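Only a predicted model underlies this, so the values are computations on that prediction, with no experimental measurement involved. Just so we're on the same page: letters track the sequence lines, and every chain starts at 1.
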Amino acid sequence: MQRRIRTRFAPSPTGPLHMGGVRTALYAWLFAKKNAGDFLLRIEDTDQNRFVPGAEQYIIDALHWCGITIDEGVSVGGTHTPYRQSERKEIYRSYAMQLVESGNAYYAFDTAHQLEQQRKNAEEKKETFSYGSATRMKLNNSLALSVDEVKELLSKNVAYAIRLKIPENETITFTDLIRGVVSFDSNLVDDKVLLKSDGMPTYHLAHIVDDYLMEITHAIRGEEWLPSAPAHILIYRYLGLTAQMPHYAHLPLLLKPDGKGKLSKRDGDRLGFPVFPLEWKDPSTGEVSSGYRESGYYPEAFVNMLAMLGWNPGTAQEIFNMNELIAAFSLDHVHKAGARFDLEKTKWYNTQWMLRQPNEAIAKRIKPMVATRTGISADDVRLSDNYLTACVALLKPRVQFEKEMPEKGIYLFKAPSEFDQTVISKKWKTEFISFFKMLSDEFMTLQDWSSQLAEQTFKTTAEKNNIKPGEVLQLFRVFVSGQAQGVDLFPMIQLLGKDEVIKRLETALKFV
RNA sequence: GGCCCGUUCGUCUAGGGGUUAGGACAUCUCCCUUUCACGGAGGAAACACGAGUUCGAUUCUCGUACGGGCUACCA
């Protein structure tokens with residue numbers, strides 16, 4: 001019988017989730033949804049030293065913002081509670097003891113200091129210390145010590161860790177869903193700690209116990225876990241759970257755009273772009289890191305961009321909403337090599353998504369920004385839905401982010417107080433004054449007011465003055481908007497209204 | 001250093017024994033627009049290198065180089 005597909009995202013609450021983590025979550029979620037399965041959120045808080053308050057909530061909020069829904073997990077509950085590893089502490093011990101009893105794990109009494117010494121000694125000999133088959137019999141553990149010695153240490157409550165006993169001379173092979181067959185020489189795998197001396201499990205033990213108990217079918221995680229995969233395979237084997245072992249898929253890493261290395265939390269804003277989905281304020285330092293949300297990105301654009309970084313649909317389609325991503329997603333179209341993050345393309349995705357937003361919706365969202373920027377009162381027509389929607393239509397092709405609109409189109413809300421001097425000094429001739437005065441008068445006499453009518457009037461007035469429209473058009477724009485460039489001129493004239501245009505024109509003429 | 005993974009335009013990528021090696025972002029040119037954008041058309045731009053297999057390798061194999069990851073009682 002085919003098991004129900006279940007994937008999980010299992011972050012450690014050591015700070016805000018960065019975009020690489022979001023991508024891992026996204027792929028795991030897409031895979032689950034594609035296969036009509038479940039997606040779980042489990043919190044791996046087994047390292048008490050690295051716990052950061054607020055991080056767990058941040059993770060939940062970030063996933064929510066991205067539209068990644070959680071079927072089971074820390075925020076929503078489920079049939080496999082609890083979903084926070086610190087609350088499952090006792091469960092792991094019994095599995096660790098089972099491994100000790102079957103001879104596949106052992107007590108290690110070495111102190112942190114002793115291990116540090118070992119590393120230092122090895123380093124002096126230009127070697128690397130590894131706690132494994134080659135060294136374990138010379139160390140302070142239940143394999144090297146006599147039964148009585150071990151008993152005594154245990155009875156005296158001497159702190160110990162439990163380590164996995166990696167076999168000698170074995171090739172450990174498994175099939176990764178993305179990379180195919182991968183194999184390792186067991187002699188090069190170290191005896192990983194399973195249970196720490198504080199009683200908490202390490203990732204290695206905890207994720208396996210939980211994946212098993214939570215009936216995870218596909219463990220999708222970053223490539224940084226590939227080197228410890230052989231130890232994980234062995235743990236499943238020694239626990240007699242090989243049949244229940246999930247399929248592993250190791251995702252390529254997200255790389256820094258500038259050069260070297262994987263994208264990390266610590267990159268913060270150093271590279272000139274957010275690495276986090278949402279803004280984060282460090283609770284201890286108060287330092288604020290920017291987020292995509294606060295920078296004006298749509299979650300759809302952010303998710304779309306992440307999905308395409310390392311995965312492709314096999315078609316030329318680039319813009320995907322969530323449902324389309326689910327329909328198109330497949331692990332075998334995940335690229336093997338790491339993907340370098342590209343800010344320009346990310347902005348392009350946002351622009352594409354902005355172009356697809358209804359004007360009315362954007363109008364509603366920019367309304368408060370326009371109000372604060374201009375100080376115009378709430379009942380002013382320029383803050384009406386109709387007026388703002390018309391502004392959005394005009395501004396849309398000229399910005400990448402909707403939040404740019406209030407500033408970019410400031411002249412749609414406020415008469416200019418300054419005029420682009422470059423245009424004026426280049427184009428202005430004193431004899432134009434009569435043209436603009438006549439234009440103002442002609443406008444005044446118009447019964448109707450429209451883009452076409454204004455344009456027609458502009459042209460005929462120019463002709464009457466023996467002026468080519470092109471000579472004064474740019475000046476007209478500057479007089480009305482203050483700026484040399486902007487939205488389509490006559491539609492803007494129509495939108496501003498006859499009285500406003502005349503008023504602006506007259507004000508401007510006093511300046512030249 | 002050791003182990004593992006990887007390598008197609010600047011970037012994200014498609015492709016895969018015989019192709020004019022395709023698309024997107026960015027870039028350049030032109031058109032549209034009497035502005036700036038949007039849009040449209042076009043250009044430049046890539047199979048890391050060396051062997052082997054083969055009639056034929058960018059594609060398969062091996063090696064080298066380069067890149068990345070891991071090498072904690074962190075995840």
Just by distance, no angles: are the side chains of Q118(A) and Y131(A) close enough, under 3.5 Å, to form a donor-acceptor pair? no
With H250(A), the side-chain hydrogen bond (donor to acceptor under 3.5 Å, both in side chains) member among R179(A), K336(A), R221(A), E224(A): R221(A)
Select one nucleotide: of rC73(B), rA75(B), rU34(B), the one nearest the side-chain heavy atoms of T46(A). rA75(B)
Would you say the side-chain atoms of N104(A) pair up with the backbone N or O of L164(A), donor to acceptor, closer than 3.5 Å? no
rU20(B) - base-pair partner by Watson-Crick or wobble geometry, distances under 3.5 Å: none
Would you say a side-chain N or O of K196(A) is under 4.0 Å from OP1 or OP2 of rC74(B)? yes
Rounded to the nearest 0.5 Å, the OH atom of Y248(A) sits from the NE2 atom of H232(A) at a distance of 6.0 Å
Nucleic acid contacts of residues 472-484 of chain A, taken as heavy-atom distances under 4.0 Å to RNA chain B: L473(A), Q474(A), R477(A), A484(A)
How far, in whole Å, is rG1(B) from rA57(B) if one measures between their C1' atoms? 36 Å
For D110(A), answer base if it contacts any base atom (sugar-phosphate contacts may also be present), sugar-phosphate if it contacts only those atoms, and nothing otherwise; contact means non-hydrogen atoms under 4.0 Å. base
Considering every strand and a 4.0 Å limit on heavy-atom distances, what is the contact class for P201(A): base, sugar-phosphate, or nothing? sugar-phosphate
Scan L115(A) against the nucleic acid and name what it touches under 4.0 Å (heavy atoms): base, sugar-phosphate only, or nothing. base
Taking the minimum atom-to-atom distance to the side chain of K262(A), which one of rC5(B), rC70(B), rA24(B) wins? rC70(B)
Donor/acceptor link under 3.5 angstrom from T128(A) side chain onto base of rG1(B): yes
Please determine whether a side-chain nitrogen or oxygen atom of T202(A) lies at a distance below 4.0 Å from atom OP1 or OP2 of rA72(B). no
Nucleotide nearest L226(A) when distance is taken to its side chain, options rA72(B), rC5(B), rU11(B): rC5(B)
Checking all strands, does S183(A) fall into the base, sugar-phosphate, or nothing category for heavy-atom contacts under 4.0 angstrom? sugar-phosphate
Side chain of E223(A), heavy atoms from C-beta onward: which of rA24(B), rC5(B), rC70(B) has the nearest atom to it? rC5(B)
Quantified in whole Å, what is the P atom distance between nucleotide rA24(B) and nucleotide rG42(B)? 10 Å
Of the nucleotides rA14(B), rA24(B), rG68(B), which has the atom closest to the H335(A) side chain? rA14(B)
Flag the pair E124(A) and K120(A) as a salt bridge only when some basic side-chain nitrogen lies within less than 4.0 angstrom of an acidic carboxylate oxygen. no
Evaluate L412(A) against M492(A) for side chain to side chain contact (heavy atoms under 4.5 Å, CB included), listing each step before the verdict. CA-CA 8 Å; L412(A) 296 171; M492(A) 169 179 89; 3.8 Å; yes
Between the side chains of D210(A) and Y92(A), does any donor sit under 3.5 Å from an acceptor? yes
With respect to F479(A), which candidate in F511(A), F435(A), Y411(A), F436(A) satisfies the ring-ring contact (aromatic ring centres under 6.0 Å, His included) definition? F436(A)
Presence of donor-acceptor pair under 3.5 Å, side chain of R398(A) and base of rC38(B): no
H250(A) atom NE2 is separated from rC70(B) atom C1', nearest whole Å, by 11 Å
Is it the case that S86(A) and D45(A) place a side-chain donor and acceptor less than 3.5 Å from each other? yes
Per H333(A) side chain, nearest of listed nucleotides rG68(B), rU35(B), rG15(B): rG15(B)
Which whole-number value in Å describes the distance from D190(A) CG to rG2(B) P? 18 Å
Check this for me, if you would: do E223(A) and K262(A) make a salt bridge, where the nitrogen-to-carboxylate-oxygen distance has to be below 4.0 angstrom? no
Counting any heavy atom closer than 4.0 Å, what does G314(A) reach on the DNA or RNA strands: base, sugar-phosphate only, or nothing? nothing
At under 4.0 Å, does any side-chain N or O of N312(A) touch on OP1 or OP2 of rA14(B)? yes
Check the distance between rC74(B)'s P and K192(A)'s NZ and give it to me in whole angstrom. 12 Å
Nearest-angstrom distance, P atom, rC25(B) to rG40(B): 9 Å
Short side-chain N/O contact to rA37(B) OP1/OP2 from K408(A), under 4.0 Å: no
Could you check whether V182(A) gets within reach of a base, just the sugar-phosphate, or nothing at all, counting any heavy atom under 4.0 Å? sugar-phosphate
If you look at every heavy atom in D110(A) and N140(A), which pair is closest and at what distance? OD2-N, 2.9 Å
Identify each atom pair where a protein N or O and an N or O of nucleotides 43-47 of chain B are less than 3.5 Å apart, giving names and distance.
none

Quick note, L188(A) side chain, CB onward, closest among rU11(B), rG6(B), rC3(B) is rC3(B)
According to a strict under-4.0 Å criterion, is R50(A) in side-chain N/O contact with OP1 or OP2 of rA72(B)? no
Among the nucleotides rA26(B), rA75(B), rG69(B), which one has an atom lying closest to any side-chain atom of L253(A)? rG69(B)
Under a 3.5 Å limit on both distances, the Watson-Crick or wobble mate of rU64(B) is rA48(B)
Does E318(A) come within less than 4.0 Å of K345(A), counting only side-chain N to carboxylate O? yes
Where the side chain of D47(A) is defined as all heavy atoms beyond and including C-beta, which of rA75(B), rG6(B), rC73(B) is the nearest nucleotide? rA75(B)
Nearest-Å distance once atom C1' is located in both rA51(B) and rA45(B): 29 Å
Judged by atom type as modelled, is there a donor-acceptor pair below 3.5 Å linking the side chain of E442(A) to the main-chain atoms of F458(A)? no
Between rA46(B) and rG10(B) - C1' atom distance, rounded Å: 10 Å
Taking the C1' atom in each of rC9(B) and rC5(B), what is the distance between them to the nearest angstrom? 24 Å
Does rA37(B) pair with anything, Watson-Crick or G-U wobble, both distances under 3.5 Å, and if so, with which nucleotide? none
Using a distance-only criterion (donor-acceptor N/O pair, under 3.5 Å, no hydrogens), is the base of rA26(B) paired with the side chain of K345(A)? no
Residue R119(A), side-chain atoms from C-beta onward, closest of rC73(B), rU35(B), rC12(B): rC73(B)
Between rA26(B) (P) and R340(A) (CZ): distance, integer Å: 19 Å
Taking pairing as Watson-Crick or G-U wobble with both contacts under 3.5 Å, can you name the mate of rC25(B), or confirm there isn't one? rG10(B)
Select base, sugar-phosphate, or nothing to describe what D176(A) touches, counting heavy atoms under 4.0 Å on all strands. nothing
In this structure, how many angstroms lie between the P atom of rA37(B) and the CE atom of M405(A), rounded? 17 Å
Taking the same atom, C1', in rG15(B) and in rA72(B), what whole-Å distance lies between them? 43 Å
Give me the distance, rounded to whole Å, that separates rA21(B) from rU58(B) when you measure between the C1' atoms they each carry. 8 Å
Please give the nucleotide sitting opposite rC3(B) as a Watson-Crick or G-U wobble pair, both distances under 3.5 Å, or none. rG69(B)
Is the shortest distance from a Lys or Arg side-chain nitrogen in R477(A) or D420(A) to a carboxylate oxygen in the other one below 4.0 Å? no
